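Below, chain A is the first sequence line, B the second, and so on; all start at residue 1. Quick caveat: nothing in here was measured; it's all calculated off a predicted structure.
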There are 2 protein chains.
Amino acid sequence: MPKTPNVEEVADQLHSTAIRLLRLVRVQDTTSGIAPARLSALSVMVFGGPVSLRELARAEQVRPPTMSRIVDALEAQGLARRTINTKDRRAVLIAATKRGQSLLQEGRARRVKFLASYLVKLEPAELRILAEGLAAMQRALQPG
Amino acid sequence: MPKTPNVEEVADQLHSTAIRLLRLVRVQDTTSGIAPARLSALSVMVFGGPVSLRELARAEQVRPPTMSRIVDALEAQGLARRTINTKDRRAVLIAATKRGQSLLQEGRARRVKFLASYLVKLEPAELRILAEGLAAMQRALQPG
DNA sequence: GGCATTGGTTAGCTAAGCTAATTATTCCGC
DNA sequence: GCGGAATAATTAGCTTAGCTAACCAATGCC
């Protein structure tokens with residue numbers, strides 16, 4: 001029976017491994033031809049559905065004026081669209097276009113495929129442990 | 001005996017969990033009063049020792065001119081220092097100052113502590129699985 | 001109906017990214 | 001050991017991404 005690991009130490013490992021992992025997959029994004037901040041904002045719309053600009057800004061940890069210009073750029077590239085919110089005409093509803101959706105999905109698939117190419121080095125048992133650890137982490141990060 | 005999970009699916013979960021995790025801890029960096037790109041470059045020096053500008057740029061996936069100015073800023077803030085490399089006088093050696101080191105370590109500690117505050121919600125058995133999964137992931141990401 | 005609140009944009013700044021061009025070494029071939 | 005190619009860094013000048021302050025438009029509430 002292995003001894004229970006120290007929480008701070010696990011957090012430390014987790015932190016640096018996450019950094020390394022994203023640094024690794026980030027290289028794949030250069031192919032997409034879309035700037036990181038825009039890609040990230042687009043991803044929020046694609047996975048969360050139409051959102052107001054404020055929500056989008058909050059999700060991206062950015063101020064509204066910053067997001068306003070990112071959305072300008074996404075619109076100019078035909079990847080997102082502002083639509084009027086009939087419930088509250090102050091707010092806009094921002095949604096990804098078809099093209100924005102597929103572009104994001106392709107980029108994401110590239111990242112995931114690339115990451116998977118590292119995971120195939122693991123034994124089935126290791127992969128299973130990784131999947132279980134991941135599930136535990138997701139529970140931990142859950143709000144509440 | 002649980003069945004062996006699908007590699008692509010694990011990669012997918014891993015990817016999105018890593019994104020979520022870093023987005024979560026990033027909030028802690030606002031306290032440090034140092035911009036993200038600088039903090040990240042500083043971290044490379046602190047953990048890897050003195051490096052040339054090119055190495056630093058490569059590590060950060062950035063072009064040399066960009067890194068040159070980040071180092072300018074770090075020097076101006078008294079967090080890093082360029083020293084001459086007597087072996088190759090074209091190149092500079094960039095190192096964190098004492099103050100740069102402690103500033104980074106404090107920031108890192110804040111992030112880790114914050115992350116740890118989520119992990120305490122886990123049962124000892126879950127934490128152990130997480131630690132094992134993490135070890136597997138580190139093996140997978142290892143170059144080679 | 002008037003006024004505070006809320007959502008978004010505009011203006012104007014700094015920081016962070018890029019390419020192209022310049023300068024200073026180093027390396028290499030002869 | 002000299003001259004040219006290659007390499008390390010910086011400078012110049014551009015775009016994108018971040019910010020605050022100021023503004024306009026719609027909502028909401030007494």
Side-chain angles (χ1 to χ4, degrees), chain A residues 22-23 26-45 48 50-95 100 103, chain B residues 22-23 26-45 50-95 100:
Chain A
L22 291 184
R23 214 170 254 205
R26 190 167 50 189
V27 179
Q28 299 296 309
D29 290 345
T30 55
T31 332
S32 80
I34 169 171
R38 298 176 190 178
L39 202 56
S40 187
L42 190 57
S43 133
V44 175
M45 299 173 218
V51 281
S52 76
L53 192 130
R54 275 193 116 73
E55 289 174 281
L56 201 47
R58 187 151 30 86
E60 291 290 293
Q61 295 174 23
V62 139
R63 303 290 171 181
T66 299
M67 189 49 71
S68 188
R69 287 201 295 187
I70 290 174
V71 173
D72 285 349
L74 285 172
E75 276 198 315
Q77 291 184 279
L79 303 174
R81 205 165 13 228
R82 283 176 173 96
T83 62
I84 44 170
N85 182 350
T86 49
K87 300 276 183 187
D88 182 347
R89 292 218 310 280
R90 286 171 302 183
V92 299
L93 268 184
I94 304 160
L103 200 136
Chain B
L22 291 184
R23 215 171 255 206
R26 189 167 51 187
V27 179
Q28 298 298 308
D29 290 346
T30 53
T31 332
S32 80
I34 169 172
R38 298 175 190 178
L39 202 56
S40 186
L42 190 57
S43 134
V44 174
M45 297 172 218
V51 282
S52 75
L53 192 131
R54 274 194 117 71
E55 289 174 280
L56 200 48
R58 188 152 29 85
E60 291 291 293
Q61 296 174 24
V62 140
R63 302 290 171 181
T66 299
M67 190 48 71
S68 188
R69 287 199 295 185
I70 289 174
V71 173
D72 286 349
L74 286 172
E75 276 197 317
Q77 291 184 278
L79 303 175
R81 208 168 7 234
R82 284 175 172 96
T83 62
I84 45 172
N85 181 348
T86 49
K87 301 278 182 183
D88 182 346
R89 292 216 313 279
R90 288 170 303 183
V92 297
L93 268 185
I94 305 160

**Prompt:** Which parts of residues 69-82 of chain B get close to DNA chain C, meaning a heavy atom less than 4.0 angstrom away?
**Reply:** B:Arg69, B:Ile70
**Prompt:** Are any of the side-chain heavy atoms of A:Val62 and A:Leu56 separated by less than 4.5 Å?
**Reply:** no
**Message:** Of all nucleotides in DNA chain C that come within under 4.0 Å of a heavy atom of chain B, which is furthest toward the 5' end and which toward the 3' end?
**Reply:** C:dA15 to C:dT26
**Asked** Where do A:Pro64 and A:Arg54 come nearest, in terms of heavy atoms and distance?
**Response** CG-NH1, 4.1 Å
List the atom pairs, with distances to 0.1 Å, where a side-chain N or O of residues 65-73 of chain B and a protein N or O form a donor-acceptor pair under 3.5 Å, not counting sequence neighbours.
unit_1: B:Asp72; atom_1: OD1; unit_2: B:Arg82; atom_2: NH1; d: 3.0
unit_1: B:Asp72; atom_1: OD1; unit_2: B:Arg82; atom_2: NH2; d: 3.0

**Shortest non-hydrogen separation from A:Met45 to A:Ala95 and the atoms involved** = SD-C, 3.9 Å
**More than 12 heavy atoms from other groups under 6.0 Å of CZ on A:Arg63** = no
**Prompt:** Shortest non-hydrogen contact from B:Arg23 to A:Ser40?
**Reply:** NH2-OG, 3.0 Å
**Prompt:** Got a sec? Which of residues 50-58 of chain B come in under 4.0 Å of DNA chain C, heavy atoms?
**Reply:** none
**Request:** Work out which heavy atom in B:Ala80 is nearest to a heavy atom in B:Ile94; give both atom names and the distance.
**Result:** CB-CG2, 4.5 Å
**Item:** Residue pair B:Ser52 / B:Leu93: nearest heavy atoms and the distance that separates them
**Value:** N-CD2, 4.0 Å
**Prompt:** Which residues within residues 36-44 of chain A lie with some heavy atom under 4.0 Å of an atom in DNA chain C?
**Reply:** none
**Request:** Return yes if some donor-acceptor pair links the side-chain N/O of B:Thr30 with the main-chain N/O of B:Val27 below 3.5 Å, else return no.
**Result:** yes
**Fill in**
Value for CG (A:Leu79) from CG (A:Leu103), rounded to nearest 0.5 Å, stands at 6.0 Å
**Asked** Using a cut-off of 4.0 Å between protein heavy atoms and nucleotide atoms, how would you tag nucleotides 20-30 of chain D 5' to 3' with B, S and -?
**Response** BB----BS---
**Request:** Over all heavy atoms of both residues, which pair between A:Val44 and A:Ala59 is shortest? Give the atoms and the distance, please.
**Result:** CG1-CB, 4.1 Å
**Prompt:** Is there side-chain contact between A:Leu39 and A:Ser32, with at least one heavy-atom pair below 4.5 Å?
**Reply:** yes
